[in-house]
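The structure under discussion appears below in the form of structure tokens.
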Amino acid sequence: AQSVAQPEDQVNVAEGNPLTVKCTYSVSGNPYLFWYVQYPNRGLQFLLKYITGDNLVKGSYGFEAEFNKSQTSFHLKKPSALVSDSALYFCAALPMDTGRRALTFGSGTRLQVQP
Amino acid sequence: GAVVSQHPSWVICKSGTSVKIECRSLDFQATTMFWYRQFPKQSLMLMATSNEGSKATYEQGVEKDKFLINHASLTLSTLTVTSAHPEDSSFYICSARQGSVSSNQPQHFGDGTRLSIL
């Protein structure tokens, strides 16, 4: 079965410090990988995606993610966290070797940035 | 661009009533639409996938007769929760994508509907 794991329920970081939100995947083939952010009572907003090419992907709001094929990981990073980054972050994978392609989501990680 | 509008954003109703949630793609043709359910502090669980003009494909464990999905046009899909009960209370999120079920196009999400059944 396809799955995406986010091992941390919550990540706490001080404003101005770098942040990392972890994601590993178990999806067949070479999936596309995504990060989304969700604010309270809202849908998901797209941050970035990896399809192919450079392992470091840059996205919205200063976020970036590093793809590591050997570790099947796609960790989200930001060099300097802002209080406004506090939200729920979801990693997702889109399998490319099946006919029916829908995103599989991780369990989510709540990011709390303290002033 | 790629805006998905979901309505209503919040609904409270009595047990036994049916509730319809609308999902519209405002600036693109959504050949494929997805409906997700999210429980508090949990991830999004895919309920069903629908292609415009076709019957929806439901995920295992999702009751077809309970959650009726209609995708009659390229810009509108509806989810009707029939005879809703308190256990149906949840946050429902729709997502839309250009292209067929096997497309690589990105999924765009609505803002969700919080359904509370009393």
Side-chain angles (χ1 to χ4, degrees), chain A residues 1-11 21 23-25 27 29-53 57 59-60 87-112, chain B residues 1-11 21 23-25 31-51 54 56-60 62 90-116:
Chain A
Q2 321 275 23
S3 66
V4 175
Q6 291 179 244
E8 304 151 316
D9 289 337
Q10 181 155 328
V11 169
V21 182
C23 171
T24 59
Y25 62 93
V27 178
N30 296 306
Y32 290 6
L33 300 166
F34 300 80
W35 276 100
Y36 286 86
V37 60
Q38 185 182 33
Y39 296 98
N41 293 311
R42 300 292 298 274
L44 274 65
Q45 295 180 28
F46 170 79
L47 279 180
L48 51 81
K49 68 179 178 183
Y50 174 82
I51 296 176
T52 186
V57 178
S60 308
L88 188 56
Y89 290 81
F90 288 99
C91 181
L94 183 67
M96 301 307 293
D97 60 349
T98 66
R100 193 165 67 87
R101 293 177 184 158
L103 288 170
T104 297
F105 286 90
S107 55
T109 298
R110 186 164 299 282
L111 174 65
Q112 192 69 42
Chain B
V3 177
V4 175
S5 173
Q6 192 171 337
H7 178 82
S9 56
W10 198 301
V11 59
I21 303 170
C23 180
R24 295 180 184 272
S25 57
T31 309
T32 308
M33 284 191 168
F34 307 85
W35 286 95
Y36 291 86
R37 183 173 180 177
Q38 185 180 29
F39 292 100
K41 299 184 179 180
Q42 293 190 31
S43 187
L44 282 73
M45 301 301 297
L46 181 65
M47 298 175 66
T49 304
S50 71
N51 267 15
S54 302
T57 300
Y58 289 79
E59 296 299 300
Q60 193 172 7
V62 178
S90 192
F91 192 56
Y92 293 87
I93 304 176
C94 76
S95 177
R97 183 176 70 194
Q98 286 181 292
S100 68
V101 171
S102 59
S103 168
N104 300 336
Q105 293 289 323
Q107 284 181 229
H108 306 285
F109 289 83
D111 275 348
T113 296
R114 183 158 301 283
L115 175 62
S116 296

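Letters A, B, ... mirror the listed sequences (proteins, then strands); counts begin at 1.
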Next on the checklist: Looking at chain B, which one of Arg110(A), Gln45(A), Gln38(A) has the largest number of heavy-atom pairs inside 4.5 Å, strictly under?
Outcome noted: Gln38(A)
Checklist entry - Can you tell if the side chain of Leu103(A) reaches within under 4.5 Å of the side chain of Phe34(B), non-hydrogen atoms only? => result no
Next on the checklist: Please determine whether the number of non-hydrogen atoms from other residues, nucleotides or ligands lying under 6.0 Å from atom CZ of Arg114(B) exceeds 12.
Outcome noted: yes
Next on the checklist: Need one label for Tyr39(A): side chain, backbone, both or neither, based on atoms under 4.5 Å from any heavy atom in chain B.
Outcome noted: neither
Checklist entry - With only heavy atoms counted, which part of Gln6(B) is less than 4.5 Å from chain A, the side chain, the backbone, both or neither? => result neither
Checklist entry - Rounded to the nearest 0.5 Å, how far does OG1 of Thr104(A) lie from CE of Met45(B)? => result 9.0 Å
Checklist entry - When only pairs under 4.5 Å are counted, which of Gly108(A), Ala92(A), Gly106(A) shares the most heavy-atom pairs with chain B? => result Gly106(A)
Item to check | Which atoms of Ile51(A) approach chain B - backbone, side chain, both or neither, heavy atom under 4.5 Å | outcome: neither
Checklist entry - Hey, what do you get for CZ (Phe46(A)) to CD (Gln107(B)), rounding to the nearest 0.5 Å? => result 11.5 Å
Checklist entry - Quick one: of Gly110(B), Gly112(B), Ser9(B), Ser95(B), who has the most non-hydrogen atom pairs under 4.5 Å with chain A? => result Gly110(B)
Checklist entry - So which part of Phe105(A) gets closer than 4.5 Å to some heavy atom of chain B, the side chain, the backbone, both or neither? => result both
Checklist outcome for this item: The interface call for Leu44(B) against chain A, heavy-atom contacts under 4.5 Å, is both
Checklist entry - Can you name the nearest heavy-atom pair linking Ser107(A) to Ser43(B), along with the distance? => result CA-CB, 3.5 Å
